[in-house]
Each structure stands twice: as C-alpha cells, then as structure tokens.
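Here is how names work: the chains are called A, B, and so on, in the same order as the sequence lines, proteins then strands, and each is numbered from 1. As the structure is a computational prediction, the values presented were derived from the model and not from experiment.
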There are 2 protein chains.
Amino acid sequence: MKPETENHATLCQRLKECDVRPTPQREVVLKVILAKRDHPTADEIFARVKAQLPTISLATVYNCLETLVQCGLIRQVNLERAPTRYCPNLHEHAHFHDEATGQIHDVDLPPDLMARLHEVLPAGFDARSIDLTFRGKAATN
Amino acid sequence: MKPETENHATLCQRLKECDVRPTPQREVVLKVILAKRDHPTADEIFARVKAQLPTISLATVYNCLETLVQCGLIRQVNLERAPTRYCPNLHEHAHFHDEATGQIHDVDLPPDLMARLHEVLPAGFDARSIDLTFRGKAATN
DNA sequence: GCGCGGTTTAGAATTATTCTAATTCTCACT
DNA sequence: AGTGAGAATTAGAATAATTCTAAACCGCGC
C-alpha cells in the first residue's frame, strides 16, 4: 500500500468511514498530504492542491485540514512560533525537529515506551492523544 | 524558595549567569512569569508587566521572552493553532492540555520514564530538549 | 564623564488563520 | 432523472500573533 497509489475509491472510502462528505477538495487535500512523507504547512498544501484543483481557496484548505484532523486522518504538529504543520503518518510516533534545518523527522519509538506514556498520567487525566517532540541537531550525513 | 519572593538581586543574578544584561524589563518579565504557576501568553505577560512597568512595549516583551527562552530560564509551549504560552516550571515535566477548558496542567512523570525518553533516539539525533504534551479531558473535580 | 553597542519604544508590517456572505454542490428522496 | 435542504466552497475582508524598523535610550567598560 504505497501512499502514492492511493486512488479515488480508497480516498473516498476513508472519508466516508469518518462520516464526512467525500468532496473533491477534501480528497485532493488528503491525497497530497499522503503523497509525501514530509510535514507541509497549510500554505504548502494549498500550493500542491492548486496544481490539481486550481480554483480551490486557502480557506477551503484550512477547512479540509480541520476536518481531516478531527477525523484522525492526519495529525497536526506545532512548533515554536511557526506555522502549523500536518503529518500524514498515522502510526504512533514522535517528531524530531532539527533546529539547524527546520526539518521535521518522524521517529519511531519502542511500542512499550509509547504504551508506558499512555499509562503514566495521574488519575483524573484522560489523554486522547500524545505529542512528543524532540528538538536538537541531527547528524549531517 | 517560594517563587513570590524572588527579589531583585536574585533575578539579576540569574540573568547575569546567562550572560544577558539584567535590564529592568527582562527582570520584570521573568518575575511575573515566575510569580504564578500558570502558562501565560505573551499578551497576558504584557498586561501583567505593564502594571509594574507602564511604558513597556509588546515588542520588548517578545524580545525578553525570546532571550529568556534562549537562556533556558523559561520554556515555551505550543498548542495547536493558539498563541504560544510560556512555562515557568524548569523542572523536567510534561503538559496536559485540557481540551474542554483550554487549561494547561503540569504533569510530573517518573524520572526513569524521562530518562528513557532521552535515550531512545536513533543514532545521529541529538536532542537538546523534549516536549511532551497530552491532550484530553481532565476530570471535573 | 564618554561613547559604543546592546536595548527599548511606538508603530507599521507581515503572516497565519478565521470570518462572512454569496454561491455551488451533494445526496437523499422522490 | 429532478428537486430541495443542508453542507461545502469561494473570494476577499478581518483578526490576531508576531516580527520588523528606525529612532531614542541606557548601562557599562574605559
């Protein structure tokens, strides 16, 4: 299941499963996010979608993103004082923010560690999601 | 060492230790952040500082915050599409973002878990800091 | 005491995001 | 296949957060 090969039917079905109307705009927004393993901003997504849907507006991109995030089809990542970025990787993972290049890398963590994170909250706190971001320098190789 | 009792001399010294000029503006910004265990935004900090330093400008607050974050005297917390918040708690901890109220709670985690987080990065990734944020609902009691 | 360089100030500028109101589309129901 | 209700989209304006700019200011080493 290469992301590049996500086709109309698959995308549509994914959206329907979330009880959202599978509009062309939503479909293409989701498609361009899944197509690359990077973490584009709303603006970048807007640019990519425009290539296929020239009349789409930025507001629609924001609407679609909000919908997709709510569905859990994508995640959003917030870095210090920078535009929100969107992440296509639904597999539970952490992020590494390279302060030198500004790039974000996905980092897989041992399943037991992720499991442990879910358990450590004090009573009364019920976490729906966890954001784990490392910040630093990545080796230049 | 109650935070409320941080005095001029202490604050000054803290700043000097970081090789920054201990200006009144920086001192008061740091003081108001340390004075409360909440997570104020730049605007909120601006308002609090103004009470003591009526001529301070918002730009200066941003400058001071940037300086203080760089020194490691405070931390910044980024939540989805919301203004950046600043955290006075230097002790290593996680955040719980209550989606119902918008409030942020500090969460202490077992030391071994924090230690583990620092070790799990793949070779070549060197983390200077870690941001761990839980999102969900806190019990209403 | 003087001057250099870092700091502050006010306000403008920029950037990200949201809102608005009008239009268009989707889909369930015929 | 046609229709109507509600949802989605559009362009552009509005808002909000943050950064920039240029001038004035100030602290500190000489």
Q. For Ile56(B), which contact category applies under a 4.0 Å heavy-atom criterion: base, sugar-phosphate, or nothing?
A. sugar-phosphate
Q.
Nearest whole Å is fine: how far is dA16(C) C1' from Phe46(A) CZ?
A. 13 Å
Q) Taking for each residue the nucleotide of DNA chain D with the nearest heavy atom, is it Thr60(A) or Pro24(B) whose nucleotide lies nearer the 5' end? A) Thr60(A)
Q: May I ask you to verify if any side-chain N or O of Tyr62(B) is less than 4.0 angstrom from the OP1 or OP2 atom of dT19(D)?
A: no
Q: Can you tell me the distance, in whole Å, between the CD1 atom of Ile45(A) and the C1' atom of dA16(C)?
A: 13 Å
Q.
Tell me whether the side-chain N/O atoms of Thr23(A) come closer than 4.0 Å to OP1 or OP2 in dT9(D).
A. yes
Q: Using a cut-off of strictly less than 4.0 Å, decide whether Thr55(A) has a side-chain nitrogen or oxygen near OP1 or OP2 of dT10(D).
A: yes
Q.
What is the separation between atom CD on Glu66(B) and atom C1' on dG6(C), rounded to the nearest whole Å?
A. 14 Å
Write out a two-atom table: protein N or O, nucleotide N or O from nucleotides 27-30 of chain C, distance below 3.5 Å.
none

**Q.** Val107(A), Leu132(A), Ile104(A), Thr133(A) screened by side-chain contact (heavy atoms from CB on, under 4.5 Å) with Phe96(A), the one that passes
**A.** Val107(A)
Q: Taking atom types as modelled, find out whether Asp108(A) and His91(A) have a side-chain donor-acceptor pair closer than 3.5 angstrom.
A: yes
Q: Answer yes or no: does a side-chain N or O of Thr84(A) lie under 4.0 Å from OP1 or OP2 of dT17(C)?
A: yes
Q) In whole angstrom, what separates Asn78(B)'s CG from dA16(D)'s P? A) 20 Å
Q: Round to a whole Å and report the spacing from CG of Leu53(B) to P of dT7(C).
A: 16 Å
Q) Are Asp38(A) and Arg48(A) within salt-bridge range, i.e. N to O under 4.0 Å? A) yes
Q) Cut-off 3.5 Å, side chains only: do Gln76(B) and His39(B) have a donor facing an acceptor? A) no
**Q.** Rounded interatomic separation in angstrom, taking CG from Leu68(B) and P from dT7(C)
**A.** 12 Å
Q: Output yes when Asp43(B) and Arg85(B) qualify as a salt bridge under the 4.0 Å nitrogen-oxygen rule, no when they do not.
A: no
Q: Specify the residue among Ala59(B) and Asn63(A) whose closest nucleotide of DNA chain D lies further upstream toward the 5′ end.
A: Asn63(A)
Q.
Expressed as a whole number of angstroms, how long is the span from Glu80(A):CD to dT19(D):C1'?
A. 15 Å
Q: For the pair Arg37(B) and Asp106(B), find out whether any cationic side-chain nitrogen is under 4.0 Å from an anionic carboxylate oxygen.
A: no
Q: For the residue pair His97(B) and His95(B), confirm or rule out a side-chain donor-acceptor distance under 3.5 Å.
A: no
Q.
Please confirm whether the shortest side-chain N or O distance from Gln25(B) to OP1 or OP2 of dT9(C) is below 4.0 Å.
A. yes
**Q.** Between dT26(C) (P) and Arg26(A) (CZ): distance, integer Å
**A.** 11 Å
